[in-house]
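Here's the structure, in structure tokens; my notes come after.
Since this is a predicted model, take the numbers as computed values, not measurements. Residue numbers begin at 1 in each chain, while the letters A, B, ... track the order of the sequences.
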Protein chains: 2
Amino acid sequence: MTRLNRERVLRAAVALADESGIESLSMRRLAQELGVVPMALYKHVANKEQLLDGMVDTVVGEIDPPEPGSDWRGVVRQRILSARRVLLRHRWAYGVIESRTGPTSAVLEYLDSMIGVFRDGGLSVDLTHHVMHAMGSRLLGFSQELFEASGASGGSGGAEPPDPALAQRYPRIAELAAAAAHDGDSVVGGGCDDQFEFEFALDLLLDGFERLRAEGWSPPGRG
Amino acid sequence: MTRLNRERVLRAAVALADESGIESLSMRRLAQELGVVPMALYKHVANKEQLLDGMVDTVVGEIDPPEPGSDWRGVVRQRILSARRVLLRHRWAYGVIESRTGPTSAVLEYLDSMIGVFRDGGLSVDLTHHVMHAMGSRLLGFSQELFEASGASGGSGGAEPPDPALAQRYPRIAELAAAAAHDGDSVVGGGCDDQFEFEFALDLLLDGFERLRAEGWSPPGRG
DNA sequence: ACCTGAACACCGTTCAAGT
DNA sequence: ACCTGAACACCGTTCAAGT
């Protein structure tokens, strides 16, 4: 039973969230996992918020650094897809990062380096600024879909057969779902190729940015 | 003291979340607000999850219907900006909608009608499908920014003066923040014109979709 | 049919005490 | 310096009882 320290606490918290979901991560449960009384944790993290901050830094630190390349779009693309792979390994990270009131230092470092790629690619400070906002959480590989995933027909969740009553109430959704039914059925989400959808939107945005850069975009007048 | 019913429960819940924030919305607190014992609520909503579903439907029902116009982009734009105004009145709705495992019926209705606008605008079923994914939660007016808002310098939150040590650690962020400092200072978020950023990204996406439509985009081969 | 009371199994966190 | 025990003020929800 080695001594507790901040790193052991954070690693155990990440492992617990990975295995049992973020909703199972309580100070009490984490302490139990570490064979310690709940209050022992408070010597190493100030409170639960700071624990979550530390978990975010741990995860964001797993993202590959940018691999320099000729095309700024390629560099951005590769790094965001790396972030996406990391975040898919830690599915709880999505909600936790969004719930932070401010960015942690690892996130700031990540954003700073991403800005550098855009700037080095020739985007102006102003354009880069709006680009960073437009990318939003997609910079970290988040899909920004309306719902986390999977079966959505009636509410009971899971993969149900397509409901003809729902198809009548929502005919446009049904048409899309029918066309998208590569594997499985879905309203919006399940049965779709998440990776394809992610890259479709990502490339659309990057191409749009590149077009604006090439056109010499500048902000609308301030008066 | 009139009889309790589902609608009164939902309206009180929305009002409580609007005023005190979603974190204050507990079954016990809501019951207290209604002058009733906690268990009385369970006759009108099955549990807290269903209460949240009902609140989402209430809010999504406030979005204006689409105003038919000549240009599909204009119709989509106007309706999404209406959704955004609604969601800004109920800031808790963002997190609650994203936390639902499946869409509520009001959301399905909204999505169905949005799909109709794209299809009537001449987008193919396949393109509309990917467009819906690419829009994601932006369809409901969400910004999809990395952090909810405001001061982000070091972690203590609030509007601090720009920290020279941080500027040295994150020089690219500092450069952007300096350029963006219309009113107030910010790392990414505070001091920026949220409405401008939202419309910038929205229009970039809509223009991209229109370009693909005009080019007769079709999905890549399946083999 | 609707509301109540007491209870169960949880939370995060403070405070005073131990070693 | 680090860990513990007991307590406080909360949760959502079940179950049996009241009217």
Side-chain angles (χ1 to χ4, degrees), chain A residues 1-56 58 92 95-102 104 155-157, chain B residues 1-56 58 92 95-102 104 155-157:
Chain A
M1 194 78 57
T2 89
R3 199 66 145 305
L4 221 56
N5 59 43
R6 191 181 150 85
E7 207 209 316
R8 269 193 70 207
V9 170
L10 292 181
R11 273 201 319 214
V14 168
L16 180 58
D18 286 348
E19 282 154 31
S20 314
I22 194 70
E23 72 282 354
S24 309
L25 181 78
S26 67
M27 297 300 272
R28 296 169 118 102
R29 173 79 192 277
L30 177 58
Q32 184 187 302
E33 213 81 15
L34 285 161
V36 103
V37 94
M39 279 318 297
L41 301 176
Y42 286 80
K43 270 274 114 88
H44 304 99
V45 291
N47 50 37
K48 190 173 182 184
E49 291 299 293
Q50 213 188 77
L51 172 74
L52 293 171
D53 280 347
M55 292 169 69
V56 168
T58 303
W92 49 269
V96 173
I97 292 179
E98 293 232 315
S99 74
R100 302 301 78 208
T101 51
T104 63
S156 46
Chain B
M1 192 82 55
T2 88
R3 199 67 143 305
L4 221 54
N5 58 43
R6 189 181 152 86
E7 206 208 316
R8 268 193 69 208
V9 170
L10 291 182
R11 273 200 319 214
V14 168
L16 180 57
D18 286 349
E19 283 155 32
S20 314
I22 193 69
E23 71 284 354
S24 309
L25 180 79
S26 67
M27 297 299 273
R28 296 170 118 103
R29 172 83 192 275
L30 177 59
Q32 182 187 303
E33 214 80 13
L34 286 160
V36 101
V37 93
M39 279 317 298
L41 301 175
Y42 286 81
K43 269 274 115 82
H44 304 100
V45 289
N47 49 38
K48 192 174 181 184
E49 290 299 293
Q50 212 186 80
L51 172 74
L52 293 171
D53 280 347
M55 292 168 71
V56 169
T58 303
W92 49 270
V96 173
I97 292 179
E98 293 231 315
S99 74
R100 305 298 80 208
T101 52
T104 64
S156 46

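- As a whole-Å value, the separation of B:Leu30 CG from D:dG12 C1' is 13 Å.
- You'll find the side chain of A:Val45 reaches within 4.5 Å of the side chain of A:Met27, heavy atoms only.
- Using a 4.0 Å heavy-atom criterion, one finds that B:Lys48 contacts the sugar-phosphate atoms exclusively.
- For B:Arg28 and A:Val37, each mapped to the nucleotide of DNA chain D holding its nearest heavy atom, the one lying further toward the 5' end belongs to A:Val37.
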Residues B:Leu16, B:Arg29; criterion side-chain contact (heavy atoms from CB on, under 4.5 Å); working and verdict: CA-CA 9 Å; B:Leu16 180 57; B:Arg29 172 83 192 275; 3.8 Å; yes
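- Closest to the side chain of A:Arg3, from the set C:dC3, D:dC11, D:dC3, is D:dC3.
- The phosphate of D:dC3 (OP1 or OP2) has a side-chain N or O of A:His44 nearer than 4.0 angstrom.
- Between the NZ atom of B:Lys43 and the C1' atom of C:dC2 there is a distance of 6 Å, rounded to whole Å.
- Within the 4.5 Å cutoff, the side chain of B:Leu51 has heavy atoms near those of the B:Leu25 side chain.
- The CG-P distance, from B:Leu41 to D:dT13, rounds to 11 Å in whole Å.
- Between the CG atom of A:Asn47 and the P atom of C:dC11 there is a distance of 17 Å, given to the nearest Å.
- Taking for each of A:Arg29 and A:Met39 the nucleotide of DNA chain C with the nearest heavy atom, the 5'-most of the two is the partner of A:Arg29.
- Each of A:Leu4 and B:Leu25 lies near DNA chain D, and the nucleotide nearest A:Leu4 is the one positioned closer to the 5' end.
- If you check D:dT4, C:dC11, C:dC3 against the side chain of A:Ser26, the one that comes closest is C:dC11.
- Within the model, atoms CZ of A:Arg28 and CE of A:Met39 stand 10.0 Å from one another, a figure rounded to the nearest 0.5 Å.
- The separation between B:Tyr42 atom OH and C:dG5 atom P is 17 Å, rounded to whole Å.
- If you take CE of B:Met27 and P of C:dT4, they are 14 Å apart, rounded to a whole angstrom.
- Looking only at side-chain heavy atoms (C-beta outward), B:Leu4 and B:His44 come within less than 4.5 Å of each other.
- At a threshold of 4.5 Å between non-hydrogen side-chain atoms, the residues B:Asp18 and B:Val14 count as touching.
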Intra- and inter-strand pairs of DNA chain C in dot-bracket (Watson-Crick or G-U wobble, both distances under 3.5 Å; | for another strand): ||.|||||...|||||.||
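- A:Glu49 places its CD atom 13 Å from the C1' atom of C:dT13, with the value rounded to the nearest Å.
- Taken to the nearest 0.5 Å, the CG atom of A:Asp53 stands 7.5 Å off from the OG1 atom of A:Thr101.
- Atoms CD (B:Gln32) and P (C:dT4) sit 13 Å apart, rounded to a whole Å.
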